[in-house]
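Down below is the structure, laid out as structure tokens.
None of the values given here were measured: they were computed from a predicted structure. Per chain, numbering begins at 1; letters A, B, ... match sequence-line order.
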Amino acid sequence: MADSSTIEPLSDGTQQLPSSKQNGTNNYLIKVSDALPSHHEIQKFLTASNCGAISTFTGITRDNFAGKKVTSLSYEGYTPMAVKELTNLCCDAQKKYPNVARMVAVHILGDCPVGEASVVVGSSSPHRREAIACTEYLIDELKGRVPIWKKEIYEGDEQSVWKENVEWKDGRRRRVMVKEESS
Amino acid sequence: VHSKEAGSSRRQQFRIPMATITIKILFFASAREAAGGITSTNLELDADGADTQVLRTKLASLYPKLAPLVQDEENLTLALNEEYVDMGEVKQLSSGDTVALIPPISGG
């Protein structure tokens with residue numbers, strides 16, 4: 001948590017405000033279940049009177065992979081740990097982007113047909129730079145940390161495949177390297 | 001009247017049984033499929049030296065189709081009580097622990 005006496009202004013001149021609720025999880029909407037909150041619910045949650053910017057990212061099932069026709073994705077999760085990791089994620093994002101007021105990190109479980117949303121992450125901040133950067137951080141980190149798996153289901157006889165995020169392997173190697181440096 | 005020696009040999013006949021611990025295993029995604037579709041099970045391990053390395057070996061012997069995956073630390077991570085065990089780390093296990101088998105993730 002930033003010490004209010006030593007906060008530097010951001011490069012665009014924005015003054016950083018000490019946040020009294022930096023670790024307050026009532027500023028984070030986190031959900032892992034068989035239905036996403038509605039778009040309206042997400043926007044409403046992210047809206048804060050001191051924020052001029054809301055930035056969200058939505059992940060949608062795509063209809064193709066490596067020349068194969070995808071009909072649907074199927075998501076499985078270690079739900080209590082996924083919620084825990086999403087919470088930790090938001091806390092880490094808060095440290096990186098202290099002016100962000102609210103965050104959303106929600107993920108579906110079960111079937112997600114082509115064109116449907118599987119994940120939404122988002123944030124709100126006084127000015128746009130932090131919200132945009134924070135939202136990007138949330139999805140990148142989610143892909144490297146949160147214990148959820150997707151199976152890609154194809155048209156016809158093609159065997160369905162468990163996908164693997166490149167962010168997962170990269171993250172694991174980074175964690176081992178950091179440990180080795182500190183030992 | 002029992003002599004000291006007779007007493008000792010009698011004591012040796014009653015061996016203290018080795019303590020065991022019971023832990024819960026959760027199977028996910030490809031690990032679940034490789035283990036025949038099982039989602040969770042309770043497992044008994046010798047308390048002495050019970051750790052994540054020993055657990056991998058035990059799971060490999062109980063679920064032969066899972067063996068290549070569970071013994072491959074690169075491709076099968078463990079989570080102990082909802083915290084990842086880092087590569088190269090070996091964690092001690094206690095009764096009541098939950099260990100989840102975590103193949104490479106793909107959320108988002």
>> Let's test your reading of the structure: which of B:Thr77, B:Leu26, B:Asn75 forms the most heavy-atom pairs below 4.5 Å with chain A?
In response: B:Thr77

> Who wins among A:Val146, A:Leu73, A:Leu142 for the most heavy-atom pairs under 4.5 Å with chain B?
Replying inline: A:Val146

>> For A:Lys68, is there any backbone N or O sitting under 3.5 Å from a side-chain donor or acceptor partner on A:Glu158?
In response: no

> Heavy-atom distance under 4.5 Å to chain B: side chain of A:Glu167, backbone, both or neither?
Replying inline: neither

> Is any NZ, NE, NH1 or NH2 atom of the basic residue among A:Glu141 and A:Lys143 found under 4.0 Å from an Asp or Glu carboxylate oxygen of the other?
Replying inline: no

>> Quick check on A:Tyr78 against chain B: is it the side chain, the backbone, both or neither that has a heavy atom closer than 4.5 Å?
In response: both

> Using a cut-off of under 4.5 Å for heavy-atom pairs, which of A:Pro147, A:Ser118, A:Gly59 has the most such pairs with chain B?
Replying inline: A:Pro147

> Using a distance-only test with no angle check, is there a side-chain donor-acceptor pair under 3.5 angstrom linking A:Ser123 and A:Ser55?
Replying inline: no

> What part of B:Glu33 is in contact with chain A, defined as an atom under 4.5 angstrom from a non-hydrogen atom: side chain, backbone, both or neither?
Replying inline: side chain

>> Can you tell me which portion of B:Thr98 sits under 4.5 Å from chain A's heavy atoms? Options are side chain, backbone, both or neither.
In response: side chain

> Ring centroid separation for A:Phe65 and A:Tyr154, is it under 6.0 angstrom?
Replying inline: no

>> Which atoms of A:Lys84 are under 4.5 Å from chain B, going by heavy atoms: the side chain, the backbone, both sets, or neither?
In response: side chain

> Should A:Asp92 and A:Arg145 count as an ion pair when the cut-off is N to O under 4.0 Å?
Replying inline: yes

> Do A:Trp162 and B:Phe28 have ring centroids that are under 6.0 Å from one another?
Replying inline: no

